[in-house]
Amino acid sequence: MSFLELQNITKIYPNGTKAVNETSLNIENGEFVVFVGPSGCGKSTLLRMIAGLEDITNGEISLDGNVINNIDPSERDVAMVFQNYALYPHMSVFNNMAYGLKNRGISKEEINNKVNDVAKLLEIDQLLTRKPSMLSGGQRQRVAMGRAIVRNPKIFLFDEPLSNLDAKLRNQMRLEIKRLQRQMGVTSIFVTHDQTEAMTLGDRIVVINNGVVEQVGTPKEIYSKPNTKFVAEFIGSPQMNLFNCKIENGIAHIADIKINLNNSKNIEDASLGIRPDDILISDNGQHTCEANLVEYLGSDMIIYSKIGDQEFSCKLSSKINLNAGDTFKFDISSTLVHLFDNTNGSRV
Amino acid sequence: MSFLELQNITKIYPNGTKAVNETSLNIENGEFVVFVGPSGCGKSTLLRMIAGLEDITNGEISLDGNVINNIDPSERDVAMVFQNYALYPHMSVFNNMAYGLKNRGISKEEINNKVNDVAKLLEIDQLLTRKPSMLSGGQRQRVAMGRAIVRNPKIFLFDEPLSNLDAKLRNQMRLEIKRLQRQMGVTSIFVTHDQTEAMTLGDRIVVINNGVVEQVGTPKEIYSKPNTKFVAEFIGSPQMNLFNCKIENGIAHIADIKINLNNSKNIEDASLGIRPDDILISDNGQHTCEANLVEYLGSDMIIYSKIGDQEFSCKLSSKINLNAGDTFKFDISSTLVHLFDNTNGSRV
Amino acid sequence: MKFKPLEILTHIILILGVLLMVLPIWFSFATSTHDNVSIMTEGMKFFLGESFSQNYNEVLNEKGGWSEEVTATRMFVNSFIMALGIATLKVVISAMSAYALVYFRFKLAVPIFWLIFITLLVPLEVRIFPSYKIVSDLGLTNTYTGLILPLVASATATFFFRQFYKTIPDELLESAKLDGANSWRFFIDFLLPLSKTMLAAMFIFMFVYGYSQYLWPLIMTTDEKYWTVVMGMKIIFTENYEGVALPRTGERFAYIILSMLPPVLVVVILQRWFIKGLIQTEK
Amino acid sequence: MKFKPLEILTHIILILGVLLMVLPIWFSFATSTHDNVSIMTEGMKFFLGESFSQNYNEVLNEKGGWSEEVTATRMFVNSFIMALGIATLKVVISAMSAYALVYFRFKLAVPIFWLIFITLLVPLEVRIFPSYKIVSDLGLTNTYTGLILPLVASATATFFFRQFYKTIPDELLESAKLDGANSWRFFIDFLLPLSKTMLAAMFIFMFVYGYSQYLWPLIMTTDEKYWTVVMGMKIIFTENYEGVALPRTGERFAYIILSMLPPVLVVVILQRWFIKGLIQTEK
């Protein structure tokens, strides 16, 4: 039996919206799982049902062997880091961290020790007497983490905790969260809309769309073998190019370009996907296109172009000299291609 | 004479903080300039002084040949897109866009035409009767853009307009803003803390830190030849590795590793910078380290390691099989290295 | 977001509270439809009687007062004019003062806010004689202006408008400025529409405040033509004791019920604005 | 954020307003320090006189009323107890009702809110006779309980607490729940400390409201021991006309000045809370 089990979880709001639909999932003890999906896909609702902040319409959640459907959030022994941190504005950092412990009737001395230990771990021990309004974004983030850690809960829940930080700080905190989780070994669920966070943080990733789990797997599995068209587009940056095409006799026709696919059945309405960095640009490529726009990213650059009326992008080293308006030659290798059936979006 | 000229602009707040210090800058007609820097560096203050929303303590701003220091913001003919969009919550999308035109006494018919044209351009013509509260984040963003465009101002000011959008949408809107600016040719200033946005959007980038301009240049110039240690660390993702070292007889000593630099003078306290993707990993590299943490990013991965007690990261293709705990061999080429003097942070 | 175990208890307490508030009004109305004899002999009524039109007709049209010239209808009209004037001017003046205090950053804004706030401590009752002196020197006794003017400043309303304006993000003002709005237009085009709910709520509060004034109109008016409902209430409850006839209890209750109508009217008219505003700010 | 051209004009208007508000109080105070003869002959005073201690001593210690037993000091104490009781209970009850309305999502929350809101339309003046009946049936005439109890419910305060609670982000409640806080703890540990400013402001408003009550204590109290300041004001302004001596104008003004002190005291005590709260919510 897994540490956390979700069985056919469904959430229907009073207004009839189905936020989560028949979701089942097992999470092992000590695992770091990331729920990723576009905004409004139900990933936060799922997390909030685990925390007990939303009622469960149907299905069963069990944690550490006990069904927790009807257990009050205060007794589930889970800790959550909110997107806006939800620090208690009228309490000092110390009291923010100590509040949950006080409510559990832990002795003053023990609270002092625990809070100080965690504060040291997170390097916020200088801030214990300050109010949240006197902290910077990164410091608030740490306090929110500290409040969760100090309780030593069965499970950590993160609800997009990095999205209010600026880019540099986000990368830094991402690393720190990963290290802390490794170090403490507490089962964690992290919700995000950012595929980079999902890929770098998760032991396993759960890709969610419209309340349905599209794919569960390690970052490598999901990146290299996306099960559906949605996952293919969502995971990876810049996003995978998807060409609408017709496949006849093992050959994909995209506008006037033909790509030879080995052993493929005929599909009337297919999508041929290829990642921007899998398009091979060389002077003796078979196909020719014009670069409409070039985005310079430092070591890499992204070229936007068109085949017929379908836009696509290629990522290549910025050492290559190519400007908007230039033409370039490229190849598409059949081994690097992902093929999806447009009728149901699933991988062929 | 340039289209927009800033001469020795200084901003000191009543409480004594110097937000902007003696900044001079020329921006040509039709240029797309990005102000980039960490939060609180003064980049927004500078933008707001151009808009007329902050008083100028010292210095002179001239737009299109006229000094505008004391001209009311409503008469400067600039349009601004705010971070939170600042849409008028009680007005429909149409009225949001038309409000500025009405105040300029333009005829109803002309307002109708202009608003409809811009709405079509931005694909929000279906939303004209809605209130802002009924729009999604991306749609709000478009309305805010539309409100600025419809006035056909001399200059566009963008104050971190993408930071409230999720990752996918941000990339998409970034492209769209770039295309629109190219198409309309209106001088634009874009403020952001995100170096990726700065690199991809700007014709020129102004890197600001602590109220002082650290470097002005094209994205390529700034990336390949950062003037200061701050710029080197700030621009580029993952950020440049900077090793504290001592340079004697043209050799840099980092812990027990020696790197041969050609023709370099002796520096007691130097920083040797190298970008994570410029570290050459190969089986016959001179130096050996252990990978402490591996971040998987899809096509690439980032390895975190240490030389002595100094952390560094390398970016390499995820096709290479390397896991946390493995050792790897690498070379640092003296041609890819950036050298800074720690006493003043400037490039050597 | 429910605290389930408490829910049933809460319901019971709340329903009791509702009954406690609604029953007296119903009793008053039911009693007002009976004739005086049955009220005299049987006490307050729970069911409706048959003297509705007689009692209400008498209250509205019978002339009373010392000069036997003023009708209750006249008093209702007076109270309505007074309450309307007070409420309208209080709301307008407070909204504008709050605007000045929040958006015009002159050095004295904070001390001035405190001075306005301090006037809360000097309600009309305390300054009634100086106020009377000024109004009578201006020749405004026995006029609507005299009834309304000394009551139009409101520190309470200014305070709440100020707090509300402070929640409006700065960017809205900045964006409006770049769109060419001057300070007057910003007030008209932005602050007023955004504070609809607040305006409606304040208007209701202030209308009731004005409507229930007693001491001021008592002192201000010697001419019975300017008597108000609340003054009339004292009169109908005292003058009849002097007569030899039965106490006219039915008419008294009819008068009370009628006296509630103008405020109810105001709420009914303003509720659309008000509910809309409440729903929009709903979490 | 300045609208410069208007600034000078605004200043002038505001300074005039300040004078208009402060001068009457200063005049009253200055006059209260003169003896009756000079006031009689010379009118209101701008400068201080020499009868300060005499006038104030007389007001505080002279026994008055029909029974010649009640002193002004006694009346101040009565008013203070009444105002304190009303304000404290009003604030506590309103804060708790608003809490129930915002955080307990039962189906009737909206209709109940409206019912509470409607009671605004039935101020004490309108329901004064039924209220009197109930209180006297309970044997509470001539008690502090009787003075205070019928005035402790406040729709206004409930409304503002409700609006304030609605601005508190949901995540705070959720986070508190995960930290093991039950609904009672959330109220004590979060809502009360967060609404400090609101509590202080409401307390001040309600204190002044209670302090300036006239009609209710007039009806409720037959025993002069329970007379209040505002009732006393009527008395000192009427009883002296009947005497043959000079009108005791100096003492009257002394009485007015003294009557302002309790509310001022409340503000001085609460201002620290209040200013702190205002500064924290400052833009």
Side-chain angles (χ1 to χ4, degrees), chain B residues 14 44 47-55 68 71-92 95-106 111 131-134 140 143-148 150-151 153-161 164, chain C residues 91 95 98-99 101-111 161 163-203 270 272-283:
Chain B
S44 281
L47 191 81
R48 291 165 57 81
M49 285 195 282
I50 296 169
L53 299 173
E54 300 272 1
D55 291 337
I68 56 170
I71 290 178
D72 202 68
S74 59
E75 279 149 25
R76 290 192 184 191
D77 203 7
V78 302
M80 186 153 166
V81 179
F82 292 84
Q83 179 169 10
N84 63 3
Y85 317 142
L87 298 181
Y88 309 143
H90 56 301
M91 295 186 190
S92 67
N95 283 327
N96 261 283
M97 290 168 71
Y99 187 72
L101 300 175
K102 277 181 196 160
N103 280 336
R104 274 165 181 73
I106 293 167
I111 292 179
K131 289 275 175 71
S133 56
M134 295 163 68
R140 282 177 205 193
V143 174
M145 292 275 299
R147 193 170 64 179
V150 78
R151 286 213 352 243
K154 281 189 186 148
I155 191 161
F156 275 147
L157 306 174
F158 297 90
D159 192 2
E160 313 215 13
N164 285 347
Chain C
V91 168
Y99 179 46
L101 286 171
V102 175
Y103 287 98
F104 292 72
R105 296 280 167 91
F106 44 88
K107 276 170 236 126
L108 289 175
V110 173
F161 277 114
Q163 295 303 89
F164 177 75
Y165 291 162
K166 280 188 168 294
T167 65
I168 294 176
D170 279 349
E171 284 87 352
L172 212 62
L173 171 62
E174 294 175 347
S175 185
K177 271 191 192 173
L178 293 176
D179 262 352
N182 59 25
S183 50
W184 178 245
R185 288 237 70 80
F186 183 68
F187 183 64
I188 299 292
D189 291 344
F190 290 82
L191 290 185
L192 288 189
L194 286 171
S195 58
K196 261 190 210 169
T197 322
M198 199 63 164
L199 288 168
M202 281 296 159
F203 189 88
L270 290 183
R272 275 209 327 165
W273 258 26
F274 194 67
I275 293 180
K276 216 171 140 194
L278 281 182
I279 290 168
Q280 279 173 353
T281 63
E282 209 72 45
K283 277 208 258 210

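Scored by the ring pair (Phe, Tyr, Trp, His ring centres under 6.0 Å) test, B:Y99 finds B:Y88, C:F190 as partners (sequence neighbours excluded). For B:A144, the side-chain contact (heavy atoms from CB on, under 4.5 Å) partners at least two apart in sequence or on another chain are B:V81, B:Y85, B:L87.
Under the 4.5 Å side-chain criterion, counting only non-hydrogen atoms from C-beta, C:E174 is in contact with B:R48.
Contact between C:L178 and B:A51 at its shortest, heavy atoms only, is CD2-O, 3.7 Å. What you find for C:L172 and B:A86 is that their closest heavy atoms are CD1-O, 3.8 Å. Listed here is the closest heavy atom pair of B:R104 and C:D179: NH1-O, 3.6 Å. Considering every non-hydrogen atom in both B:H90 and C:D189, the closest pair reads NE2-O, 2.6 Å. Across all non-hydrogen atoms, the minimal contact from B:S74 to C:G180 is CB-CA, 3.4 Å.
Taken from CD in C:E171 to CE in B:M80, the straight-line distance is 8.5 Å, to the nearest 0.5 Å.
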